[in-house]
Amino acid sequence: MSEELSKQYNPKETEAKWYETWEKNNLFSARISPDKLPYSIIIPPPNVTGILHMGHALNNSIQDILIRYKKMRGFQTLWMPGTDHAGIATQNVVEKALAKEGLKRQDLGRDKFIARVWEWKEQYGSTIIHQLKKLGCSCDWNRLRFTMDTDYSTAVTEVFVRLYEKKLIYQGSYIINWCPRCQTALSDEEASHSELEGHLYYLKYPLKDNSQEFITVATTRPETMLGDTAVAVNPKDERYKKFIGKLLILPLVNRQIKIIADHSIDMEFGTGAVKVTPAHDPNDYALGKKHNLEFINVMTVDGKINNVVPKYLGLDRFKAREQILEDLKTLGLLDKVTPHTLSAGHCYRCHTIVEPYLSKQWFVKMKPLAKPAINAVKRGKLKFYPARWTKVYLNWMENIQDWCISRQIWWGHRIPVYYCKNCNAKNSKNGIIVSRTKPLMCPKCKSTDLIQDEDVLDTWFSSWLWPFATFYWPKENADLKYFYPSSTLVTAPEIIFFWVARMVMAGFEFKKQLPFKDVYIHGTVRDVEGKKMSKSLGNVIDPLEIISEYGTDALRFSLISITSQGQDVFLSKERFEQGRNFANKIWNASRFILLNLKPEEINVDLCIFSKNQKLNIANAWILSRLYSVLEKVEKDLESYKFNEAANSLYSFFWHEFCDWYLELIKPEIKQKETQVVMYKILEKYLRIIHPFMPFITEEIWHLLPNTEGSILEKKWPHLQKELINLKVEQQIQLAFDIINTVRNMRAELEINPASRVDINLSLPDKLTGKTIEPLLNYIKNLAKVESLNIIDNYLPQKNQYVVVLKDLQIIMPLTGLVDIEDQLKKTQIKIDKLQSEIQKKELMLANKNFSERAPKEIVDTEKNKLAEMQTQLIKLGAIKNGLR
RNA sequence: GGGCGCAUAGCUCAGUUGGUUAGAGCGCUACAUUCACAUUGUAGAGGCCAUAGGUUCAACUCCUAUUGCGCCCACCA
């Protein structure tokens, strides 16, 4: 069989095959196992409109690594998958499709339009799911959820009703961000600000009493002047004191407006006099409320001027700006125009400049919800990796604003509010009915003339329930009890506010519990120049293209290995060659082993060798390396340092296992001990790297003798510390031999540099033949030796190891070998330091202020740390003695 | 205005609670080619770890300031 294996690893052939097998055998499905600890991850649901980009690839590779790792470590894992209905995004996509037929959504009407959206979803909505499968994601697909599922809607409605009953949801007219293209309100988070090169226009408003006298105001949006209802100045401003209380005539409109005084006005900016447009600016809105001004809306929902001044009726807001400026200029009322950079909100979906717009919307009162979410983080119950995001989160939470949750679109969860026309006619406050199901009649007047609120809820109003609504909350089923709260949330920094923070709030409000324990925030994937990858910039590297060219394992491994914790990822296509080459290296090393393996020789437990310490040096060394890498990988994965784990695995396999070990053992490859060690190393290594590279490991696993079933179902290798400890003794022995050789050589050269030096070298097999000649010459020149003898082609006879000479120093090719004296010194320093730290810790713990007042968990962790340090100290002591 | 991150080899980046000789990948140079793997191997060149101070026996690592780049939040009449 082995002879048939191709020289190159072919990912295409294996990947589809194994994913199908995993799915068919239900390897991803999670059931409640009372004897196991649960480990669950709830996927950040991609938009149904989504197609896989590098951000997804990174995000989901990380989750898959965690899930596969934890599963192998014996947890009952669950990776809950799903998609988000993505209100505006999806509606836009379907509207675009309609536009091709020359239709608008209004032409179809609400019900038919929504039917079209569902149709679209059935047809295209699972694209992203198929792509996640190509990425190897081990989600439990049987549980696939969608934020518009019927029972998911039940949860959303339930939450709305509960919050309304708690008076945490209210309706009101406020200035919100309005997208004139999407014709809907947007939350503050959905209106992303960016800088614009604009102008500051100075407009002259004549006084009523004396039309030759003016007050000049500065504005960036002159078209809103049609809605001005005051001009405000600072009461301390000497320039304007005398005008306070007087009236102005608003040009073009000819409305009388008052000059008011307010301390909030910055005297330095512009002219120090501000036009006040309460219906079109949040600050002016506040001023309007405070000073009882009139609120005059000058725009229609699509961003055109309304009939406030008939001349401008129907003009687009930017056209109107030009027209108004021209008209003012004609009247001599445009004082000057200066360049001015300003930042304006843009719709996060269509990038149209949003208009601050006065309208009636639903809001969630956030301050009470934020409280427990703040405390949990402050008390360390919820941890961010990397920790710096904690600050960002807290800062936002502590300054949280109310959340505008109504959207004037059709695709989404309809607001469960009904209006009684009869009651409304009398008093608008009486006519509101908030209900889980559509009420048959008005509870007050028994009228059946009810209509439901036209608006739908913000997409994030459903997403923030994701960690428990996916378990069919508000039903309290067994899965919810077992798998909730989830263990880790893996996500991108962009959605900390949108999503992470709100999930924490929802978790506390509705489940009295955190939704997850750890939040791992990975970086943003950027191109080589540091720009965000986006279609419009044309700098996208398509993960699917990489998969078909280099394979999924290569994609995953490369991506992970360059993602250091929380740092943005700068990506170029060449990066993936490394992953492909590595997969190929694993393939060929395995092929080599398979070609040389005698299956009947390997039915032996490693312990036989390790206990008797009969292992030869190469075998002992590689085993010790394997287990130290295993230890490091475990540590790295537990602290979310995926790149470090990946890089350790890479350099171990390539530069230690392949470059040195496999070369060293070639002459004795048929020996039983070598057969066993070689096999065990490969077999264990495959298990360790499986979470990173699931496909190639599964493929090789099935080629190996004595392996059954999927590698995914195998246990994670047990960390045999005694084998690492063996390393120390072996190392010491080795190092002594080497150092002595060097010392002898040096001594001889120093005494008589011209004296004849003979060196006997043992060299690995691969350095024989033509390869060795230039090397030998090199050594001869450097060491100025007369003769260089090669002792057969392999070692390890007594006191002879692989050595290469460089500048008269001997470099041990076997990693981890060090100068004994150096090692001693280092160890001593470490011991000293540890001892002083232990003293400090002991003092701290002995301090009553600390032990009695600090939270118990903190005291406990400090105690644990102390214990750890003490064991560490003992270990160091032992090492020191060994060195001596 | 507030906050955060980054500055290390030609390029892209690692660097584990400070420890003496700073690493990887790519690229470059020389050599090797029936041998598991050219998606390879061996060796090599290439670093005032942004700048200036400070703490320390010891600083790429900690502190302060400066410069440059990037990001987030708030405000901007």
Side-chain angles (χ1 to χ4, degrees), chain A residues 2 5 7-9 188-189 192-193 200-201 203 217-221 224 228 231-232 264-266 269-277 281-284 287 340-344 386 388-389 391-392 395-396 399 493-494 496-497 523-524 526 528 530-532 550 554 558 561-564 566-572 574-575 577-596 632 635-636 639 641 643-644 647 650-651 655 658-659 662-663 666 764-775 778 804 806 809 819 822 825-826 829-830 833-834 837 865:
Chain A
S2 311
L5 295 181
K7 278 186 165 191
Q8 267 134 39
Y9 172 57
D188 290 343
E189 288 72 25
S192 60
H193 287 253
L200 199 52
Y201 305 92
L203 314 181
V217 295
T219 178
T220 55
R221 294 188 298 149
T224 61
D228 285 3
V231 164
S264 66
I265 306 304
D266 179 2
F269 191 91
T271 60
V274 186
K275 66 192 264 309
V276 182
T277 323
D281 183 277
N283 293 323
D284 294 6
L287 278 177
H340 181 72
T341 51
L342 64 150
S343 83
R388 64 185 150 91
W389 294 109
K391 262 192 177 175
V392 177
N395 186 43
W396 186 76
N399 299 298
E494 295 96 84
I496 292 181
F497 305 137
T524 308
R526 297 171 186 281
V528 186
K531 288 185 190 129
K532 236 179 180 175
Y550 299 119
S558 288
S561 73
I562 59 173
T563 307
S564 67
Q567 225 42 56
D568 283 358
V569 185
F570 293 72
L571 207 57
S572 66
E574 294 76 51
R575 281 280 166 188
E577 283 176 19
Q578 188 192 355
R580 176 201 57 183
N581 294 355
F582 184 44
N584 196 52
K585 192 74 180 176
I586 294 178
W587 178 254
N588 276 299
S590 306
R591 202 160 66 94
F592 170 73
I593 290 173
L594 283 166
L595 283 167
N596 289 290
K632 179 157 169 39
K635 214 176 102 192
D636 288 342
S639 50
K641 291 180 178 167
N643 67 320
E644 293 200 25
N647 290 332
Y650 178 89
S651 69
H655 298 306
C658 291
D659 286 356
L662 289 185
E663 297 300 335
K666 274 177 183 171
D765 184 38
K766 66 176 170 178
L767 290 181
T768 54
K770 284 184 188 169
T771 323
I772 200 68
E773 278 174 22
L775 183 68
Y778 180 70
V804 176
K806 178 199 174 190
Q809 285 185 337
D819 186 307
D822 189 49
K825 227 156 105 188
K826 277 186 184 171
I829 290 165
K830 273 188 192 166
K833 214 174 126 191
L834 208 54
E837 275 181 28
K865 273 187 199 164

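The basis for the numbers below is simple: all heavy atoms, side chains too, and nothing from hydrogens, waters or symmetry mates. Numbers restart at 1 for each chain; the letters A, B, ... are given by sequence-line order, proteins then strands.
- The C1' atoms of B:rG3 and B:rU16 are separated by 27 Å, rounded to the nearest whole Å.
- B:rU66 and B:rC60 have their P atoms separated by 22 Å, given to the nearest Å.
- Mapped onto RNA chain B by nearest heavy atom, A:Val392 and A:Asp281 fall at different nucleotides, with A:Val392 at the one closer to the 5' end.
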I'd like a table of atom pairs between the protein and nucleotides 24-26 of chain B - only N or O on both sides, under 3.5 Å - with the distance next to each one.
residue: B:rG25; atom: OP1; partner: A:His655; partner atom: NE2; Å: 3.2

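- Remark: A:Phe592 engages no residue in a ring-ring contact (aromatic ring centres under 6.0 Å, His included) (not counting sequence neighbours).
- Here B:rC72 is the nucleotide among B:rC37, B:rU16, B:rC72 with the atom lying nearest to any side-chain atom of A:Phe497.
- You'll find that the side chain of A:Asn584 is closest to B:rU39, out of B:rU39, B:rA36, B:rG15.
- In this structure, A:Ile593 reaches neither bases nor backbone, as no heavy-atom distance under 4.0 Å exists between it and the strands shown.
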Completion exercise
Dot-bracket for RNA chain B, 5' to 3', Watson-Crick and G-U pairs with both distances under 3.5 Å, [ ] for crossing pairs, | for partner on another strand, reads (((((((..((((.....[...)))).(((((.......))))).....(((((..]....))))))))))))....
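- In terms of the ring-ring contact (aromatic ring centres under 6.0 Å, His included) criterion, residue partners of A:Phe582 (sequence neighbours excluded) are, by chain and number, A:Phe557, A:Tyr650.
- Residue contacts shown for A:Asp266 include a base, since a base heavy atom lies under 4.0 Å away.
- Comparing B:rC75 with B:rC62, their C1' atoms sit 35 Å apart, to the nearest whole Å.
- For B:rC37, its base never sits under 3.5 Å from the side chain of A:Lys7 at any donor and acceptor pair.
- Considering only residues two or more places apart in sequence or on other chains, A:Ser264 meets the side-chain contact (heavy atoms from CB on, under 4.5 Å) condition with A:Asp262, A:Leu287.
- Whole-Å rounding puts the A:Phe582 CZ to B:rU40 C1' distance at 15 Å.
- Ion pairing of A:Lys632 with A:Glu644 is present here, as a side-chain N (NZ or NE/NH1/NH2) and a carboxylate O approach within less than 4.0 Å.
- One can place CH2 of A:Trp587 at 12 Å from C1' of B:rA36, the figure rounded to the nearest angstrom.
- Atom name P, nucleotides B:rC49 and B:rA7: the rounded distance is 14 Å, in whole Å.
- For the OP1/OP2 pair of B:rU17 and a distance below 4.0 Å, the side-chain nitrogens and oxygens of A:Lys635 include no atom meeting the criterion.
- Judged as a side-chain hydrogen bond (donor to acceptor under 3.5 Å, both in side chains), and not counting sequence neighbours, A:Arg580 has no contacts.
- For A:Cys658, the listed nucleotide lying nearest its side chain is B:rA36; candidates were B:rU39, B:rA36, B:rG5.
- Not counting sequence neighbours, A:Asp266 has no partner by the side-chain hydrogen bond (donor to acceptor under 3.5 Å, both in side chains) test.
- Contact between the side-chain N/O atoms of A:Lys391 and the OP1/OP2 oxygens of B:rC4 is found at a separation under 4.0 Å.
- As rounded to whole Å, 14 Å separates atom P of B:rG1 from atom CZ of A:Phe269.
- Among the nucleotides B:rG15, B:rA36, B:rU39, the one closest to the side chain of A:Phe592 is B:rA36.
- A:Ala583 meets the side-chain contact (heavy atoms from CB on, under 4.5 Å) test with A:Tyr9, A:Met693, A:Ile696; sequence neighbours excluded.
- Considering only residues two or more places apart in sequence or on other chains, A:Thr224 meets the side-chain hydrogen bond (donor to acceptor under 3.5 Å, both in side chains) condition with A:Lys275.
- Side chain of A:Asn588 to backbone of A:Lys7: a donor-acceptor contact under 3.5 angstrom is found.
- Taking atom CG on A:Asn588 and atom P on B:rU39, their separation rounds to 11 Å, with Å as the unit.
- B:rA32 and B:rC69 are spaced 49 Å apart, taking the P atom of each and rounding to whole Å.
- Between B:rC6 and B:rC13, the two P atoms lie 13 Å apart (nearest whole Å).
- Straight-line distance from the CG atom of A:Asn643 to the P atom of B:rA14: 8 Å, rounded to whole Å.
- We find that CD1 of A:Ile586 is positioned 13 Å from C1' of B:rU39, with the value rounded to whole Å.
- In this structure, CG on A:Leu200 lies 7.0 Å from OG1 on A:Thr220, to the nearest 0.5 angstrom.
- Between A:Trp396 atom CH2 and B:rC72 atom C1' the separation is 14 Å, expressed in whole Å.
- Residue-level contact check: A:Thr277 touches neither bases nor backbone, having no heavy atom under 4.0 Å from any strand.
- Between A:Lys632 and A:Pro282, it is A:Lys632 whose nearest contact on RNA chain B lies nearer the 5' terminus.
- Note on A:Tyr9: nothing from the nucleic acid sits closer than 4.0 angstrom, heavy atoms only.
- The CD1 atom of A:Ile562 sits 8 Å away from the C1' atom of B:rU12 (whole-angstrom rounding).
- With A:Asn399 contributing its side chain and A:Asn395 its backbone, the two residues share a donor-acceptor pair below 3.5 Å.
- Separating the C1' atom of B:rG15 from that of B:rA59 is a span of 14 Å, rounded to the nearest Å.
- Between the A:Asn647 side chain and the A:Asn643 main chain, a donor and an acceptor come within less than 3.5 Å of each other.
- One P atom belongs to B:rA65, the other to B:rC4, and the distance between them is 12 Å to the nearest Å.
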